[in-house]
Amino acid sequence: METVSTNRSFAGMQGVYSHASAETATDMTFAVYVPDHEQGAKLPVVWYLSGLTCTHANVMEKGEYRRAASELGLIVIAPDTSPRGEGVPDDSAYDMGQGAGFYVDAAEEPWAKHFRMRSYIEQELPTLIAEEFPVDMSRQGICGHSMGGHGALTIALRNPDRYKSVSAFSPIVAPTSCPWGKKALGRYLGLDKAAWRQYDACALIEDGARVADILIDQGTSDNFLEEQLKPQLLEEACAAAKIPLSLNMREGYDHSYYFISTFMADHLRWHAERL
């Protein structure tokens with residue numbers, strides 16, 4: 001692991017780091033915020049997964065999480081959204097290729113070699129974090145926005161014993177039922193739709209996956225709400241499975257970081273209560 005930068009902020013340290021990933025066969029960059037703490041202490045951690053076109057830097061620069069994280073004693077980790085670099089496949093559309101990993105392990109060419117974001121987020125990066133930072137890996141929560149909300153929900157549902165809390169901002173809750181998801185899952189995974197279900201929060205719940213509870217914030221003025229996000233489908237799936245869901249429809253808010261930063265502290269408090 002190499003240190004790219006460190007900056008003191010809100011009685012803590014915001015760092016950016018890089019390492020050579022075996023899963024993606026590329027160098028990967030990620031951000032970690034560590035609040036001040038007693039020597040030898042281990043802190044709970046909240047993972048934040050970003051959305052389409054984003055890197056680690058979007059939430060780091062616009063998410064306004066550090067004051068709350070410092071007050072609550074939470075480490076916040078923001079990975080990148082895809083592999084990048086020379087030789088990594090890309091696409092001219094913003095919703096495929098670099099910046100659009102969808103947190104899947106791709107099975108189709110030309111994506112299969114590098115686009116292994118599921119294994120990177122679930123296995124490789126946590127191992128590195130546990131070695132290098134003062135984290136209590138028995139107290140992990142996960143959060144995300146849009147494509148990253150899809151990632152947070154599906155990762156938590158597949159690993160309920162690892163993640164004690166899960167929340168999302170304007171998540172893609174049913175990618176098998178929206179244009180973004182159908183395009184990405186079809187091209188990354190192939191045409192067998194049965195293989196898509198492990199990457200769809202609503203399908204995972206229908207197939208028996210469970211978490212203790214879920215927090216969702218969604219803006220009513222989000223231009224992706226009706227066609228791509230469809231929070232009512234998660235509401236229906238959680239009701240059928242008896243999973244407590246706090247779905248906050250925020251009047252007048254859109255899909256941007258103006259929205260996310262407004263409610264970020266609420267989400268971190270939600271995670272802190274459970275961690």
Side-chain angles (χ1 to χ4, degrees), residues 1-5 15-32 47-63 77-126 128-129 142-155 168-172 175-176 178-191 195-196 198-200 223-224 228-229 255-257 260:
M1 188 183 76
E2 296 183 0
T3 300
V4 177
S5 65
V16 178
Y17 308 91
S18 68
H19 72 116
S21 167
E23 288 292 350
T24 68
T26 66
D27 288 343
M28 295 293 290
T29 302
F30 60 95
V32 181
W47 297 80
Y48 179 90
L49 306 184
S50 289
L52 286 167
T53 76
C54 291
T55 71
H56 68 282
N58 294 75
V59 69
M60 188 179 76
E61 295 170 356
K62 297 185 286 187
I77 302 171
D80 203 347
T81 56
S82 79
R84 301 178 193 271
E86 185 177 354
V88 176
D90 202 5
D91 192 278
S92 58
Y94 75 96
D95 55 354
M96 280 295 299
Q98 296 186 36
F102 273 86
Y103 304 98
V104 306
D105 280 353
E108 296 291 304
E109 298 300 336
W111 315 104
K113 177 180 179 181
H114 298 289
F115 281 72
R116 296 186 51 80
M117 290 303 294
R118 172 183 177 174
S119 291
Y120 177 71
I121 297 296
E122 288 186 359
Q123 300 174 30
E124 184 177 21
L125 187 56
L128 178 65
I129 294 294
I142 192 164
C143 176
H145 170 233
S146 194
M147 177 186 74
H150 138 77
L153 291 170
T154 55
I155 289 170
F169 299 95
S170 44
I172 306 169
T176 61
C178 75
W180 275 342
K182 291 177 181 178
K183 177 181 178 179
L185 297 180
R187 292 184 63 185
Y188 287 142
L189 302 177
L191 299 181
W196 299 7
Q198 63 187 309
Y199 297 111
D200 182 304
N223 58 324
F224 301 115
Q228 304 283 10
L229 305 179
H255 199 71
S256 73
Y257 270 89
I260 296 167

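Computed from a prediction, not measured in an experiment: that's the story for all the values here.
A salt bridge links R187 with D91: at least one charged nitrogen is closer than 4.0 Å to a carboxylate oxygen.
In this structure, T3 contributes its side chain and S5 its backbone to no donor-acceptor pair below 3.5 Å. Panel note: side chain T154, backbone G151; a donor-acceptor pair is recorded below 3.5 Å. The closest donor-acceptor contact from the side chain of S21 to the backbone of E23 lies under 3.5 Å.
Taking the six-membered ring for Trp and thresholds of 30 and 60 degrees, H150 and Y103 have ring planes inclined between 30 and 60 degrees apart. Ring-plane geometry between F169 and Y48 is classed as tilted, the angle between the planes lying from 30 to 60 degrees on a 0 to 90 degree scale.
Considering all non-hydrogen atoms of both residues, I142 and A152 come closest at CG2-O, 3.7 Å.
Annotation: side chain to side chain contact (heavy atoms under 4.5 Å, CB included) contacts of D200 (sequence neighbours excluded): A174, P175, T176, C202, A203.
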Pair up each side-chain donor or acceptor in residues 92-102 with any protein partner under 3.5 Å, not counting sequence neighbours, and list the distances.
from	atom 1	to	atom 2	distance (Å)
Y94	OH	W180	NE1	2.9
D95	OD1	K183	NZ	2.8
Q98	NE2	V88	O	3.1

Residue pair Y188, H114: steps toward the ring-ring contact (aromatic ring centres under 6.0 Å, His included) verdict: CA-CA 11 Å; Y188 287 142; H114 298 289; over 10 Å; no

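With 3.5 Å as the limit, one finds no donor-acceptor pair spanning the side chains of R118 and Q123. In this model, a donor atom of one side chain and an acceptor atom of the other lie less than 3.5 Å apart for S119 and D105.
With a 4.5 Å cut-off on side-chain heavy atoms, S170 and F224 do not count as touching. Counting only heavy atoms from C-beta outward, the side chains of T26 and R84 never approach each other to under 4.5 Å.
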